[in-house]
Protein chains: 2
Amino acid sequence: MNRSSRPGKRSAYHHGDLKSALRSAAATLMAERGVDTVSLREIAQMAGVSHTAAYRHYADKEAVMADLAEAGFRELSATMGQVIAATRGGVTRKLQAAGGAYVRFGVEQPHLLQLMFGPAISDWQCYPALVEASDALYATLTDIIKSGQEKGKFRAGDPRDLALAAWSLVHGLALLICGRRVTGSDDALFVEHASQRVTALLIEGLTVK
Amino acid sequence: MNRSSRPGKRSAYHHGDLKSALRSAAATLMAERGVDTVSLREIAQMAGVSHTAAYRHYADKEAVMADLAEAGFRELSATMGQVIAATRGGVTRKLQAAGGAYVRFGVEQPHLLQLMFGPAISDWQCYPALVEASDALYATLTDIIKSGQEKGKFRAGDPRDLALAAWSLVHGLALLICGRRVTGSDDALFVEHASQRVTALLIEGLTVK
DNA sequence: GCCCAATGTTGACAGTGGAAACATGTCTTC
DNA sequence: GAAGACATGTTTCCACTGTCAACATTGGGC
């Protein structure tokens, strides 16, 4: 939309692009201190606007968080896709690498993971884009399982079942680690090793002997 | 008011046993509507006392929630213990049954699970009893793994690693289901079957061939 | 019978999400 | 160009929240 007399640079409206400013402010605060402790007023203040300005761009606070969560899902899907593509070797290796990326994502951004899977967003039906992003993540996993089945590497059966097992495993592990429920959660090396050992066990069960 | 000159029974102070009244009120409200949406004032009202009475028994709102979470851990540990004892057959069967119990617990009490593993309690170090209850759950799982290893059923290695894998799996599955992230989450039969199929895959990887 | 500590109440305060009314800058249409 | 129309941001207000301080009540130990 070219709405300005100034070419080259987008002319500032009142603020410029407040929506993305709000989004990044929210992301920053949320990453630092968690979902519950960040207020809409603080987000607005960080973006340099009044505390109700956000309502011109979001229905309510939850909508802001849903936006963040959606971005999280897309980022995670993209990261896993890259890792799968970049990992050399068979599907088995690729799957394990993808699992490792999932856990790493969760450990590096624990608050974001909590937002994506926690109760902060009460009714997902209100955010179709969010549902779609979450489904895309599931699809990424299902695809690699399918690919492994076609190559005769993974056992037969509904790929969604196998994908659900893989998802559950890495998801649970990430949450347990970033919830400090297992000793050594702080140690990055421990995390890497634990995620490898744990995923190896499941892959053993997935693989055709 | 409940006058307290009842003989034979412990005389009620002002309220009787306000702490447990608060606890059960909090549990009821939390189970219905989730952690975030329940207020301390509402809990107090349900218990029939003034909105600050809780501060004579709990340091703050978080302490009430920590109490609930601890009870949740103890209940879950106990349930799994019973299921393990009641299930006939080898350790493999017992482990799978325990996993099913874990998932069922989470699906039946999603808000409680969110409280136990979510960000509602910010600093666990403040609640040693809670940490202990959580560790006891981990220990329950580790024990059955150990027992399986001693019988030569499960592969060798640090039992805590194998237990972590099992825990991650059922934990992740429970959260994904009660977060409605997989289709069919509402169907109890689906949940039962999914949890069986998923745990069977991991057990395949755990078992010695 | 009296005092004290434990327990419960009242009232206040700062902070929150959100609605309504108002202000302001930009775009479209003459 | 001038004049609405409209999107955007502000001010003001409200109900509600968690928490603190001061006050009231009551039962058990002396």
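Quick note on labels: first sequence line is chain A, next is B, and so on, each numbered from 1. If you're wondering where the values come from, they're calculated on a predicted model, not measured in any experiment.
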Check the distance between [N]'s [atom2] and [X]'s [atom1] and give it to me in whole angstrom.
X: B/Q45; N: C/dT10; atom1: CD; atom2: P; value: 13 Å
X: B/L29; N: D/dT17; atom1: CG; atom2: P; value: 11 Å
X: B/D60; N: C/dG15; atom1: CG; atom2: P; value: 18 Å
X: B/L18; N: C/dA6; atom1: CG; atom2: C1'; value: 12 Å
X: A/Y58; N: C/dG18; atom1: OH; atom2: P; value: 14 Å
X: B/M65; N: D/dT17; atom1: CE; atom2: C1'; value: 13 Å
X: A/E42; N: C/dG15; atom1: CD; atom2: P; value: 11 Å
X: A/H57; N: D/dA7; atom1: NE2; atom2: P; value: 12 Å

Cationic tip of B/R181 above A/W167 ring, under 6.0 Å, 45° of axis: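 Relative to the ring axis of A/W167, which defines the angle, B/R181 lies outside at least one limit.
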Nearest heavy atoms of A/S134 and A/W124, plus distance in Å: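 Scanning both residues, the minimum pair turns out to be CB-CZ3, 3.8 Å.
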Check: B/S20/B/D17 side-chain N/O donor and acceptor closer than 3.5 Å: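 A pair is found: one side chain offers a donor N or O, the other an acceptor, under 3.5 Å apart.
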Check ion pair B/D158-A/R197 (N to O, under 4.0 angstrom):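 Here B/D158 does not pair with A/R197 in a salt bridge, since their nearest N and O are not under 4.0 Å apart.
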salt_bridge(A/E70, A/R74) N-O dist < 4.0 Å: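 Between A/R74 and A/E70 there is a salt bridge, with a charged N closer than 4.0 Å to a carboxylate O.
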Touch class at under 4.0 angstrom, heavy-atom based, for A/S39 against every strand present: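 Touches sugar-phosphate only.
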A/F73 and A/F117 aromatic centres sub-6.0 Å: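 Ring centres of A/F117 and A/F73 closer than 6.0 Å.
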Among D/dT19, C/dT10, D/dG9, the one nearest B/S50 by side-chain distance: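 Nearest to the side-chain atoms of B/S50, counting from C-beta on, is C/dT10.
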5' priority, DNA chain D, between A/A54 and A/R41 [closest heavy atom]: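 With A/R41 and A/A54 compared, the 5'-side residue is A/A54.
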Polar atom pairs between nucleotides 20-23 of chain D and protein, under 3.5 Å, N or O only, would you list them?
from	atom 1	to	atom 2	distance (Å)
D/dA22	N6	B/R56	NH2	3.3

